[in-house]
Amino acid sequence: MRQKTSIEIFTYWEQLRGSADAPLRNLIQPSAVRHILPELFILELMPHEAPQFRLAGTAICSLMGREIRGESFAALWAGSQIDDPIRIATGVMTHVVPALINATGYSISGRHMAFEMVLMPMRSSGNVCDRLLGCLTPVAHTAWLGSERLEFLALDRSRLLHDRPARPVELPSHPQPADLAVPRDAARFGELMRRMLQLKTGIRDSRIG
């Protein structure tokens with residue numbers, strides 16, 4: 001965990017939970033984290049469905065180019081990668097263990113940016129953990145992030161954050177363009193993705209050799 005927003009919200013979550021495994025959601029005070037609210041979100045565990053955005057900060061909605069409150073968590077991710085982010089978010093609530101996700105966001109023009117996401121479980125009552133407090137933060141701020149929306153996030157890796165053993169999960173290279181949810185100007189975008197993936201493969205092969 002390296003981003004300031006991630007560290008601040010995780011520290012706040014730790015303070016709220018005390019000796020419990022997760023804090024009650026009504027303990028969250030927006031005024032205490034007002035300066036990072038735009039980068040925060042809350043997911044709700046849905047029966048037989050993917051977790052859903054109950055709230056989403058303005059910075060996150062701006063990144064995606066739309067209001068995502070009420071949308072599925074799956075809507076943020078590349079089409080062929082949907083299962084892994086859902087599994088991680090659901091697991092955070094089911095097993096009451098926070099997690100860190102590193103992802104790359106891609107725009108329609110092929111620009112990309114690394115992001116850090118922290119997922120922290122919350123309880124709606126003493127016995128039910130069905131909420132998740134999260135943040136989504138770019139590792140750097142560039143002008144295009146404010147003017148060109150992200151088409152999707154691609155999951156790079158994830159790990160648990162707690163005193164339980166953390167087992168890093170390394171995922172394969174980002175999915176081939178044919179597997180992704182089809183964006184506008186798909187042909188152009190697909191060609192850009194192919195070039196990036198070929199470049200990554202060439203670098204990896206040269207290191208092995």
Side-chain angles (χ1 to χ4, degrees), residues 1-3 5-6 9-10 36 38-44 49-93 98-120 132-142 144-161 168-186 189-190 192-197 200:
M1 197 186 316
R2 298 182 179 181
Q3 302 309 306
T5 296
S6 302
I9 194 59
F10 186 73
I36 56 174
E39 295 178 299
L40 304 184
F41 62 87
I42 292 177
L43 294 181
E44 180 179 7
E49 294 181 27
Q52 186 178 87
F53 282 99
R54 189 174 181 88
L55 293 171
T58 54
I60 300 173
C61 293
S62 178
L63 285 171
M64 306 310 297
R66 65 185 187 278
E67 171 61 63
I68 61 174
R69 180 178 180 178
E71 286 192 13
S72 169
F73 185 54
L76 265 60
W77 302 92
S80 65
Q81 280 196 330
I82 290 175
D83 290 345
D84 287 314
I86 291 175
R87 175 180 53 80
I88 294 167
T90 302
V92 165
M93 291 179 272
L100 173 67
I101 287 178
N102 295 102
T104 302
Y106 290 90
S107 73
I108 186 66
S109 67
R111 291 189 175 100
H112 56 92
M113 174 61 67
F115 284 84
E116 189 170 82
M117 178 184 288
V118 183
L119 307 176
M120 297 151 284
L132 181 157
L133 173 64
C135 69
L136 178 65
T137 311
V139 301
H141 292 276
T142 60
W144 73 264
L145 276 178
S147 60
E148 190 172 341
R149 73 182 181 91
L150 298 180
E151 290 296 314
F152 60 84
L153 297 175
L155 184 60
D156 295 321
R157 58 188 176 274
S158 66
R159 66 182 178 90
L160 302 180
L161 291 173
V169 178
E170 294 293 341
L171 295 168
S173 299
H174 293 171
Q176 292 290 336
D179 295 332
L180 302 175
V182 179
R184 297 185 305 273
D185 197 8
F189 184 66
L192 287 166
M193 282 293 293
R194 279 190 289 273
R195 290 176 184 174
M196 285 189 287
L197 289 170
K200 288 183 179 180

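In this text, all values refer to a predicted model and were calculated from it rather than measured experimentally. Hydrogens, waters and symmetry mates are skipped; everything else that's a heavy atom, side chains included, is used.
- Atom CG in L119 sits 10.0 Å away from atom CG in L136 (nearest 0.5 Å).
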Can you give each donor-acceptor pair under 3.5 Å made by side-chain atoms of residues 60-67, sequence neighbours left out, with the distance rounded to 0.1 Å?
residue	atom	partner	partner atom	Å
R66	NE	E71	OE1	3.3
R66	NE	E71	OE2	2.8
R66	NH1	M64	O	3.3
R66	NH2	E71	OE1	3.1
E67	OE2	R69	N	2.9

Assess the residue pair F41 and L132 against the criterion (side chain to side chain contact (heavy atoms under 4.5 Å, CB included)); give the C-alpha distance rounded to whole Å, side-chain angles, the decisive distance to 0.1 Å, and a yes or no. CA-CA 8 Å; F41 62 87; L132 181 157; 4.0 Å; yes
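- E44 CD to M93 CE: the interatomic distance, rounded to the nearest 0.5 Å, is 9.0 Å.
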For side chain to side chain contact (heavy atoms under 4.5 Å, CB included), just list the numbers for I42 and F53, CA-CA rounded to whole Å, side-chain angles, deciding distance to a tenth of an Å, and then say yes or no. CA-CA 6 Å; I42 292 177; F53 282 99; over 6 Å; no
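- Side-chain atoms of R111 and T142, non-hydrogen and from C-beta on, never get closer than 4.5 Å to each other.
- A distance-only check finds a donor-acceptor pair linking the side chain of Q81 to the backbone of L155 [under 3.5 Å].
- Between the side chain of E116 and the backbone N or O of Q3 there is at least one donor-acceptor pair closer than 3.5 Å.
- With values rounded to the nearest 0.5 angstrom, I108 atom CD1 is found 4.5 Å from E151 atom CD.
- T90 places a side-chain heavy atom less than 4.5 Å from the side chain of P51.
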Begin from the C-alpha positions of I9 and E39 and carry the test side chain to side chain contact (heavy atoms under 4.5 Å, CB included) through to its verdict. CA-CA 10 Å; I9 194 59; E39 295 178 299; over 6 Å; no
Test side chain to side chain contact (heavy atoms under 4.5 Å, CB included) applied to L100 and F10, step by step: CA-CA 10 Å; L100 173 67; F10 186 73; over 6 Å; no
